Amino acid sequence: MRQRTDALLRQVAEGQAWTYLTTLMQRWRRTHHQGNGQLLALFCSLGRQVLTQQLSRYTTAAEPTLRLTQELDRWYQALEQYLWQLHHAPAGEESLQYNRHHVLEKILASSPAILFIYDLQAHRLVYANRQVEDTLGYALPDLMAMERAQLSEFVHPDDLEALWQGMHHRLQQLNGAVQVNEFRIRDPHQQWRWFRAYVTLLRPATADTSGQLLGNVLEITDQKNAQEELIQSRDYYLTLLEDFPALVWRIDASGELNYINRELRRFRGQDLEALRHSSWDDGLHPDDVASYVTSFRRAYQHHEPFQLECRGRHHSGEYRWMLVLGRPLFSQQGTFTGFLGVAYDLNHQKELQVALEAANEELRNGNRELLRTQHELQELNQQLEWRVQTRTKAYQANEERYRAFVQQSSEGIWRFEFRSGEGVPTHWPVEQQIDYFYQHGYLAECNDAMAQMYGFSKAEEITGLGLSDLLIREEKSNQDYLRAFVEHQYRLVDAESVELDRQGHVRHFLNNLVGFVEAGRLVRTWGMQRDITARKVAEESLKASEKQLRLITDALPVLITYVNAEGRYRFNNRAYEEWFGITREQAYDKRVEEVIGEEAYRTISPAMERAFRGESVYLETEMPYRHGGRRFVGINFIPDQAQGYYALITDISSQKRTQDALVKALQATNRQNQELNRINTDLDGFVYAASHDLRTPIANLEALLNVFVRRVEGRLDISEQEMLRMMKRSSEKLIRTIDDLAQFMRMQKEERSAEVVFFGQVLQAVREDLDFMIHEANVAFEVQFDVDRIRFEPKVLRRVLYNLLSNAVKYRSPERRLRVKIHTFQSKNKVHLTFVDNGLGIQPHQLSKLFKLFKRIHTHVEGTGIGLYMVKRMLENSGATIEVESEAGVGTTFFLTFNAEATIS
């Protein structure tokens, strides 16, 4: 029968019902039969009711329902008009009798509902259509033979009184109106099924006849189940909203407030009825009322979301900053049903912002050393604002429906229940309850975020696992975690647990959970968790680092301590303990003056105050020593961003003694230097006087010798002539020596000034001075200036190159052409010059006297033994060095090194 009803409704929905009716009328007209018009009209009325009730199974939208209802009305109006014509058309008695039964049977058989006639006197069915068998599954003859008591066995006990008692009297009072009853009937499978009966008085009782009831019954089991599921679903989400850690409210389509959660009632100190009669001014800050009302009314009129920040009034009278999010609610058909709003407490964030702004203002007035801290605070403020914006966006995305919030939350949300289905009695001992948790507790529901914390992809993969599969029972902290859950009335906030993931790895979680107790039993637990494994690992690493730092500081011979802003000890190393004879436990939280004594404290307190103000301070003073006496110490005070300071204390008693000895030695050295300066001054005067006083008589002697040679020229033998030449060379050499000494003394007294000097220019000037010698010796040059300039004394560099080049020409080998290689380069911030020749070379044992005064290696040419001595002295006086390598018969290499100040970047 239900299939025929479905087919008829589909024809109505597709607009084909009128065609079907026209065909049916034409078939009835061809039969020329008449029926009982009154009974058929009753069927039409009942049929319209049945089909109208069934419409809700196909659509709940307003427009399709209205169109189908109009189509049904038109269909049944045409049917009633046609039946009326049949009833009044002339026909024979036999044809009329046939139509009465035939048409009635056709209509009753095609009805989608159960139709019956019940006799009130006999208390039994006198008629029922075949739909009884199709719907209930009982044989129609068996039902027709049953009396009221037997029929009552099929009806649910809770529904008997409403179904039977007083029905006859109520129907008599209704004067033929329809009485509606809902009740449950047990089918042959022992299942209770819901039905709705439309009953009217077919025939009232008289003296000769008994009263009869006409009934039309529809099964509504699916509708009842859907209503029950809807109620359970509504209670489920209302339970979540009730414990949601924010203020939640809801208004209907008419604008009336119809729900507030526990947090909102607690915040306002009012129930739903009181809030309905309160005004905007009662709950909002006066400065925020206009903006809030404008935003809300615009969103309400346009059915659109809204978001704003305002100050809400706490029941204590305090105004707290709130982030209010509103979302319109719509039915499945798109009809606007109201608004759902959530308000989050932003007061703490606002206070942080005000505090940060004040801190920034104060830091801007500080010194330059604190500017870095200000920048860090600004960055932290930006991060905080970014986090608030991110969290706000997350709230906006998740507030339309709470289930979407659960699934999209970055935190794990879960529900644990018990496989027994009964829950654990709350009066059991704590340990017995914990055993029950592990034996019967299982994960009934969670979001994907929680599954991913355990290494799964979807919630379906982890749902169903037992508590023992996740929570490590042998872990003592987990036992304490569950014990606290029971002892705190099945509510915990920020409780840590240690669990296993899919791969068996240990994970740490931070949990907020609440249990639901029904009839003295804990039946389920809802919770939220956050993975803090990384934080725990970092904490363990920090502890290990602190332990390692403690070992390092204890191994150092320096006294190390940390003092907070109140002047109390927070850290001391072992050296500090040994110095003052007090353990770190004994010193902890003591004031500094209690440990080091008042006298020492008065000495260092000014430095401590400067450290508290953020200055780094170094102080040398005397401190008491546990083994007696006092010792000198050096103290470095290192500030800790105005929260305290670190102090590094070094025993400098031995340094003090060394310093005193150095002072005395320095004083003696100064006296010696003064004596040496006096001697050098006297020596300089002597050399100058000697060079000046000796030059005149030697010059006279040289002149007399020249006169004597001219006079005796041609009268002397060969040996006498050679003797005169030797005397002349000796006098010339003596004059050159005196000239070199005088020149050296003048250079010693000259004021030197460094300037930028180009190697190429100096070498070219030297070559021009020695041009005759170079040309005569046919010298070959190889020059490579990787560094073309330095900051040096031009005269010194020129004299050095002049001396080296002239010596190379004088002491060249007669066996090969003279080659001179000059190369400059830079290494480790110093400039190097190498001067290489392939001359006679020097024996290794003679190198030590090469730079000594009046020392000559080769005597076959003229020389004074002063040149290289002057080169070395001039270079060393200018901060440079010279070294030599040589091999007899191969050549000589000079290495000149100029210090970093000579380098030009």
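Since the structure is predicted, the reported quantities are computational estimates derived from the model, not experimental observations.
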Could you give the distance from NZ (Lys810) to CG (Leu770), rounded to the nearest 0.5 Å?
10.0 Å
Just verifying a value: how many Å separate Met608 CE and Phe637 CZ, rounded to the nearest 0.5 Å?
7.0 Å
Which distance, rounded to the nearest 0.5 Å, do you find between the NE2 of His832 and the CZ of Phe825?
5.0 Å
Does atom OH (Tyr618) have a neighbourhood of more than 12 heavy atoms from anything else shown, all under 6.0 Å?
yes
Non-hydrogen side-chain atoms of Tyr576 and Phe571 separated by less than 4.5 Å
no
For Leu833 and Phe898, what are the C-alpha separation, side-chain angles and deciding distance, and is it a side chain to side chain contact (heavy atoms under 4.5 Å, CB included)?
CA-CA 8 Å; Leu833 183 148; Phe898 303 92; 4.1 Å; yes
Side chains of Asp769 and Tyr802, heavy atoms from C-beta outward: is any pair under 4.5 Å?
yes
Does Glu620 CD have over 12 foreign heavy atoms under 6.0 Å away?
yes
For Val831, does its backbone N or O pair with a side-chain atom of Gln826 as donor and acceptor, under 3.5 Å?
no
Closest non-hydrogen contact found for Val617 with Ala611 is CG2-N, 4.3 Å
Can you find a pair of side-chain heavy atoms, one from Val820 and one from Val836, that are under 4.5 Å apart?
no
Salt bridge (charged side-chain N to carboxylate O under 4.0 Å, His left out) for Arg574 and Glu578? Distances and angles first, verdict last.
CA-CA 6 Å; Arg574 181 172 296 143; Glu578 294 175 353; 5.0 Å; no
Between the side chain of Ser886 and the main-chain N/O of Pro844, is any donor-acceptor distance below 3.5 Å?
no
What's the verdict on side chain to side chain donor-acceptor pair (under 3.5 Å) for Asn572 and Thr561, showing C-alpha distance, side-chain angles and the deciding distance?
CA-CA 4 Å; Asn572 295 311; Thr561 185; 2.6 Å; yes
Near-ring test Phe785/Phe759, centroid separation under 6.0 angstrom
yes
Contact check, side chains of Phe835 and Thr893, non-hydrogen atoms, under 4.5 Å:
no
Just wondering, do Val809 and Val779 contact through their side chains at under 4.5 Å, heavy atoms?
yes
Apply the test salt bridge (charged side-chain N to carboxylate O under 4.0 Å, His left out) to residues Lys821 and Asp837: give CA-CA distance (whole Å), side-chain angles for both, the deciding distance (0.1 Å), then the verdict.
CA-CA 7 Å; Lys821 299 179 181 179; Asp837 66 59; over 6 Å; no
Going through the checks in order, is the side chain to side chain contact (heavy atoms under 4.5 Å, CB included) test met by Leu804 and Leu896?
CA-CA 11 Å; Leu804 294 178; Leu896 281 69; 4.3 Å; yes
As an exercise, state the distance from CZ of Phe632 to OG1 of Thr621, rounded to the nearest 0.5 Å.
8.0 Å
Is the closest side-chain donor-acceptor distance between Asp640 and Tyr562 under 3.5 Å?
yes
Whether the side chain of Asp788 engages the backbone of Phe758 through a donor-acceptor N/O pair (distance < 3.5 Å, no angle test) should be reported.
no
A side-chain contact here means heavy atoms from C-beta on lying under 4.5 Å apart; do Phe792 and Leu875 qualify?
yes
With respect to Val766, which candidate in Leu797, Asn803, Ile774, Leu801 satisfies the side chain to side chain contact (heavy atoms under 4.5 Å, CB included) definition?
Leu801
On a heavy-atom basis, the closest approach of Asn899 and Ser878 is ND2-O, 4.3 Å
Return the minimal non-hydrogen interatomic distance between Pro639 and Ser616, and the atom names on each side.
CD-OG, 3.4 Å
Quick one: closest heavy-atom pair of Ala647 and Ile635, and the distance?
CB-CG2, 4.4 Å
A side-chain contact here means heavy atoms from C-beta on lying under 4.5 Å apart; do Arg799 and Met874 qualify?
yes
Have Arg873 and Tyr869 got a donor and an acceptor in their side chains that come within less than 3.5 Å?
yes
Report yes or no: is the cationic atom of Arg819 (NZ for Lys, CZ for Arg) under 6.0 Å from the centre of the six-membered ring of Phe781, at an angle within 45° of the ring normal?
no
Without swapping roles, check the side chain of Arg816 against the backbone of Gly839 for a donor-acceptor pair under 3.5 Å.
yes
CG on Asn573 to CD on Glu577, rounded to 0.5 Å:
7.5 Å
Thr824 side-chain N/O to Val787 backbone N/O, donor-acceptor pair under 3.5 Å:
yes
Test Leu763 against Gln761 for side chain to side chain contact (heavy atoms under 4.5 Å, CB included), laying out the working first.
CA-CA 6 Å; Leu763 179 61; Gln761 294 177 359; over 6 Å; no
Which pair of non-hydrogen atoms, one from Val757 and one from Pro794, has the smallest distance, and what is that distance?
CG2-CG, 3.9 Å
Would you say the side chain of Arg817 lies within less than 4.5 Å of the side chain of Asn778, judging by non-hydrogen atoms?
yes
Between CD on residue Gln655 and OG1 on residue Thr650, distance to nearest 0.5 Å:
8.0 Å
If you look at every heavy atom in Ile649 and Val558, which pair is closest and at what distance?
O-CG1, 3.2 Å
Run the side chain to side chain contact (heavy atoms under 4.5 Å, CB included) check on Leu559 and Phe580 step by step: do they pass?
CA-CA 10 Å; Leu559 283 66; Phe580 291 103; 4.0 Å; yes
